[in-house]
Amino acid sequence: MAKIDHDDVKQAYALLNNLKYELKNEPYGKNNQFLAFDELYQVIDKTLYDLKHQSYEGITLSIRLGKTMSYINDALAFRGLRLSEKQAQAWDLFIHPTDKSLQKNEVIFKLINQFGVW
């Protein structure tokens with residue numbers, strides 16, 4: 001399998017870290033009923049740790065990020081998580097990266113979310 005470009009991992013790390021910052025520092029959206037913030041931050045922190053300390057090949061980066069995306073999507077859809085405008089912008093950047101090299105991950109993210117495959 002081909003190794004993932006280190007820049008792709010760094011960019012994914014930066015986007016996820018930006019999302020974490022907004023989630024921790026920005027007030028949540030109206031009607032937020034989500035209560036498992038410690039769990040949410042733990043999921044993000046574990047992914048950030050893995051991005052820093054693991055090497056990725058093939059689609060493994062997309063799969064790793066897809067697990068975090070699935071957790072947050074589930075919280076948004078079923079557990080009452082409501083994002084503020086700034087948080088939603090950070091979320092959108094994470095799931096729809098503007099960097100061309102990360103856009104290939106977006107297709108895999110969609111497949112993971114659609115079929116729940118890891």
Side-chain angles (χ1 to χ4, degrees):
M1 287 190 137
K3 275 226 185 257
I4 299 289
D5 185 359
H6 185 67
D7 287 340
D8 288 356
V9 176
K10 283 179 20 181
Q11 290 168 14
Y13 183 92
L15 291 171
L16 183 57
N17 204 37
N18 178 55
L19 176 61
K20 177 186 170 188
Y21 177 84
E22 293 299 338
L23 291 174
K24 282 194 153 197
N25 295 297
E26 181 73 19
Y28 283 82
K30 292 180 180 175
N31 303 320
N32 185 61
Q33 298 174 3
F34 185 75
L35 300 174
F37 294 105
D38 289 340
E39 183 180 305
L40 171 64
Y41 301 142
Q42 188 176 27
V43 167
I44 292 172
D45 286 341
K46 180 163 179 19
T47 303
L48 289 171
Y49 178 86
D50 287 352
L51 290 174
K52 259 196 167 168
H53 295 97
Q54 301 291 327
S55 61
Y56 293 92
E57 297 178 357
I59 64 167
T60 57
L61 175 62
S62 298
I63 291 171
R64 181 64 190 97
L65 294 173
K67 290 179 182 183
T68 302
M69 292 178 71
S70 290
Y71 176 89
I72 296 172
N73 277 335
D74 181 64
L76 288 165
F78 305 113
R79 298 176 66 192
L81 180 61
R82 298 296 174 260
L83 303 178
S84 70
E85 188 174 337
K86 282 185 87 172
Q87 291 169 330
Q89 289 171 351
W91 171 244
D92 197 46
L93 280 174
F94 179 63
I95 62 171
H96 303 292
T98 55
D99 185 279
K100 296 288 183 208
S101 63
L102 285 177
Q103 284 179 356
K104 66 182 176 288
N105 292 336
E106 188 175 349
V107 173
I108 296 168
F109 292 153
K110 287 177 183 173
L111 288 173
I112 289 168
N113 285 324
Q114 179 72 29
F115 298 110
V117 176
W118 332 113

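Positions are given from 1 along the sequence.
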Asker: Would you say L19 and L15 make side-chain contact, with heavy atoms under 4.5 Å?
Answerer: no
Asker: Does anything in residues 42-55 form a salt bridge (Lys or Arg N to Asp or Glu O under 4.0 Å)? List the pairs, not counting sequence neighbours.
Answerer: K20-D45, K46-D50, D50-R64
Asker: To the nearest 0.5 Å, how far apart are CD in E26 and CD in E85?
Answerer: 9.0 Å
Asker: Got a second to check how far N25's CG is from S84's OG, nearest 0.5 Å?
Answerer: 11.0 Å
Asker: Is there a donor-acceptor pair closer than 3.5 Å between any side-chain N or O of Y49 and the backbone N or O of Q54?
Answerer: no
Asker: Rounded at 0.5 Å granularity, tell me how far CG in L23 sits from CG in N18.
Answerer: 9.5 Å
Asker: To the closest 0.5 Å, what do you measure between CD (Q11) and CG (L93)?
Answerer: 12.0 Å
Asker: Can you find a heavy atom in the side chain of I95 that is under 4.5 Å from one in the side chain of N73?
Answerer: no
Asker: Please examine the side chains of L51 and L61, heavy atoms only from C-beta on, and report whether any two atoms are closer than 4.5 Å.
Answerer: yes
Asker: Suppose we screen for ring-ring contact (aromatic ring centres under 6.0 Å, His included). Which residues come up paired with Y21, at least two apart in sequence or across chains?
Answerer: none
Asker: Using side-chain heavy atoms (C-beta onward) and a distance below 4.5 Å, is T47 in contact with Y13?
Answerer: no
Asker: Which residues satisfy the side chain to side chain contact (heavy atoms under 4.5 Å, CB included) test with A36, sequence neighbours excluded?
Answerer: F34, E39, Y71, R79
Asker: Quick one: does L65's side chain get under 4.5 Å of F94's, heavy atoms only?
Answerer: yes
Asker: If Ile, Leu, Val, Met, Phe, Trp and Tyr residues are connected whenever their side-chain heavy atoms lie under 4.5 Å apart, and connections chain through other members, are L83 and F37 in the same group?
Answerer: yes
Asker: Measuring from E22:CD to N17:CG, what's the distance to the nearest 0.5 Å?
Answerer: 11.0 Å
Asker: Check whether any side-chain heavy atom of L76 lies under 4.5 Å from a side-chain heavy atom of W91, and answer yes or no.
Answerer: yes
